[in-house]
Amino acid sequence: NAGVTQTPKFRVLKTGQSMTLLCAQDMNHEYMYWYRQDPGMGLRLIHYSVGEGTTAKGEVPDGYNVSRLKKQNFLLGLESAAPSQTSVYFCASSPRGPDTQYFGPGTRLTVL
Amino acid sequence: GENVEQHPSTLSVQEGDSAVIKCTYSDSASNYFPWYKQELGKGPQLIIDIRSNVGEKKDQRIAVTLNKTAKHFSLHITETQPEDSAVYFCAASTTGTASKLTFGTGTRLQVTL
């Protein structure tokens, strides 16, 4: 099992550009999450999904959109990137909600 | 919503000594408290968790204690080794389909030789 994978690993964007981050899991988990990690602020939840076709807002959803068309994939989109979205983004999945989340290796995004 | 505070932000111990990281939470409805370890350049990994019906849980050199009255839980690492050097995060949540983890701000543990 590859577990949770994230694509790409690194990305540099200019202000106003758009991009999509892909998260894939091969553990047949129902729940998937997108977090951002900033220095001194821990992990903050952006959006999450409790199953295929569902999405919900987390703590810091503004400026992001998500889709879960297939159970194994969870996409995070930035329509118009801003410097404040410079961060490390982590995807996680779990079989039963907040319990036992498995994290991907992260995507480091820089917005100039 | 839930608020989790974590202390200290950095901790340096000598190899073989013990390390203790403390967290407090605000929502009395929270009943699930995991600890994650994040090594440099990697995603966080669950190392131990505790639920509100248990006061203490141990797994080899790692233990977690929970005081629901004080809304306080702690991670204890005994006989520290260099490979314990990492950033540790505590978190809290209720349980249920819409429940979400709220993380502390992390503790950078450095184990020196």
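Below, chains carry the letters A, B, ... as their sequence lines are ordered, and counting in each starts from 1.
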Inset, instruction - Let me know if Q37(A) has heavy atoms under 4.5 Å from chain B in its side chain, its backbone, both or neither. - result: side chain
Legend entry - Top contributor to chain A contacts, counting heavy-atom pairs under 4.5 Å, from K42(B), K100(B), Q6(B): K100(B)
Legend entry - Non-hydrogen side-chain atoms of I48(B) and L75(B) separated by less than 4.5 Å: yes
Inset, instruction - Can you label the angle between the F90(A) ring and the F103(A) ring as parallel, tilted or perpendicular, going by 30° and 60°? - result: perpendicular
Inset, instruction - May I ask you to check whether Y89(A) and R108(A) show a side-chain donor-acceptor distance below 3.5 Å? - result: no
Inset, instruction - Taking all heavy atoms of T80(B) and all of Q14(B), pick out the closest pair and write down the distance. - result: OG1-O, 3.3 Å
Legend entry - Part of L45(A) lying under 4.5 Å from any heavy atom of chain B: side chain
Inset, instruction - Under 4.5 Å heavy-atom distance to chain A, tell me which part of Q38(B) shows up: side chain, backbone, both or neither. - result: side chain
Legend entry - Structural part of R108(B) lying under 4.5 Å from a heavy atom of chain A: neither
Legend entry - Any side-chain donor near an acceptor of the partner, E2(B) and S26(B), under 3.5 Å: yes
Legend entry - Modelled atom types, side-chain donor and acceptor of Y35(A) and Y48(A), under 3.5 Å: no
Legend entry - Non-hydrogen side-chain atoms of T95(B) and D99(A) separated by less than 4.5 Å: yes
Legend entry - chain A contacts, top residue of P34(B), P44(B), G41(B) (heavy-atom pairs, under 4.5 Å): P44(B)
Legend entry - Contact origin within S93(B) toward chain A - heavy atom pairs under 4.5 Å: side chain
Inset, instruction - Could you tell me which of C91(A), P105(A), P98(A) has the largest number of non-hydrogen atom pairs under 4.5 Å with chain B? - result: P98(A)
Legend entry - Contact class of S9(B) relative to chain A, heavy atoms under 4.5 angstrom: neither
Inset, instruction - Identify which part of Y102(A) has an atom lying under 4.5 Å from any heavy atom of chain B, answering side chain, backbone, both or neither. - result: neither
